[in-house]
Structures are given as structure tokens and as C-alpha cells.
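Here's the structure we're looking at; comments come further down.
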Amino acid sequence: MPVLDALHAPRWVIGGMDVDAASLTVEAEARVPRGLLDAFEDSGFDVAVVDEWSEAVGHAHLIAVGNDGFEVATDPRADGSALAG
């Protein structure tokens, strides 16, 4: 998957962004498919749906190194830009 597509994909996290969380709550962007949310619930997780492009699921920036150079992308949930030379 191209790095830009990966960063634009719907995202979810288990336990939220609190590293010490012992919660079985999945925080999922509203764009996560209903079938996946149902699968989380069927597996015993509580599901909290957050905004479509929520910072509650974190930020990421990616660099992929390939034979033809670099592929870079920055998260649309955060301020930033990506450049590769």
C-alpha cells in the first residue's frame, strides 16, 4: 500500500492513546466500516466512535525506502508536510 494511502485509511486504537490504559475500549474513526466495528464488539470490546479524522487515534508520518528512492507522507490528522530528496 502506498504510504499516503496508509495514512489516509480509517484508523482505530485499542485503549486510546493512554499507554497505561487497561481498557478494552476501541476508539475508531467514524470512517471505519460498520462490519469491523461489529467484529470488535463481537470480540468483547467496547467501541467509541470518534470524528472522521480524529487526533484521538494518533499521528503518524511515514518514509518508505525503495529501489527508486523515497516515498514519504504526513498524517492528515496533524500539521506537517513531507519532502524527500
Linked, directly or transitively: F70 and L62 (ILVMFWY side chains, under 4.5 Å): no

Would you indicate whether the side-chain heavy atoms of L37 and V49 approach each other to under 4.5 Å? yes

A quick test of your reading: do over 12 heavy atoms of other residues, nucleotides or ligands sit less than 6.0 Å from CG of L36? yes

I'd like to check the side-chain contact (heavy atoms from CB on, under 4.5 Å) partners of A64; sequence neighbours left out, ordered by chain and number. V3, E71

Does T74 have any side-chain hydrogen bond (donor to acceptor under 3.5 Å, both in side chains) partners at least two apart in sequence or in another chain, and if so, which? H61

Among residues at least two apart in sequence or on other chains, which ones pass side-chain hydrogen bond (donor to acceptor under 3.5 Å, both in side chains) with H8? none

Inter-residue atom distance I14.CD1 - F45.CZ, 0.5 Å rounding: 4.0 Å

Test item: S54 side-chain N/O and V50 main-chain N/O as donor-acceptor pair under 3.5 Å: no

By side-chain hydrogen bond (donor to acceptor under 3.5 Å, both in side chains), D38 pairs with (sequence neighbours left out) R34

Smallest separation among heavy atoms of P10 and R31, with atom names: CA-NH2, 3.4 Å

Which value, rounded to the nearest 0.5 Å, describes the distance between L7 atom CG and M1 atom CE? 10.0 Å

Which residue pairs pass the salt bridge (Lys or Arg N to Asp or Glu O under 4.0 Å) test with at least one member in residues 3-15, sequence neighbours excluded? R11-D75

Charged N-O contact under 4.0 Å between E29 and R77: yes

So which atom in W53 and which in P76 form the shortest heavy-atom distance, rounded to 0.1 Å? CZ3-CG, 3.4 Å

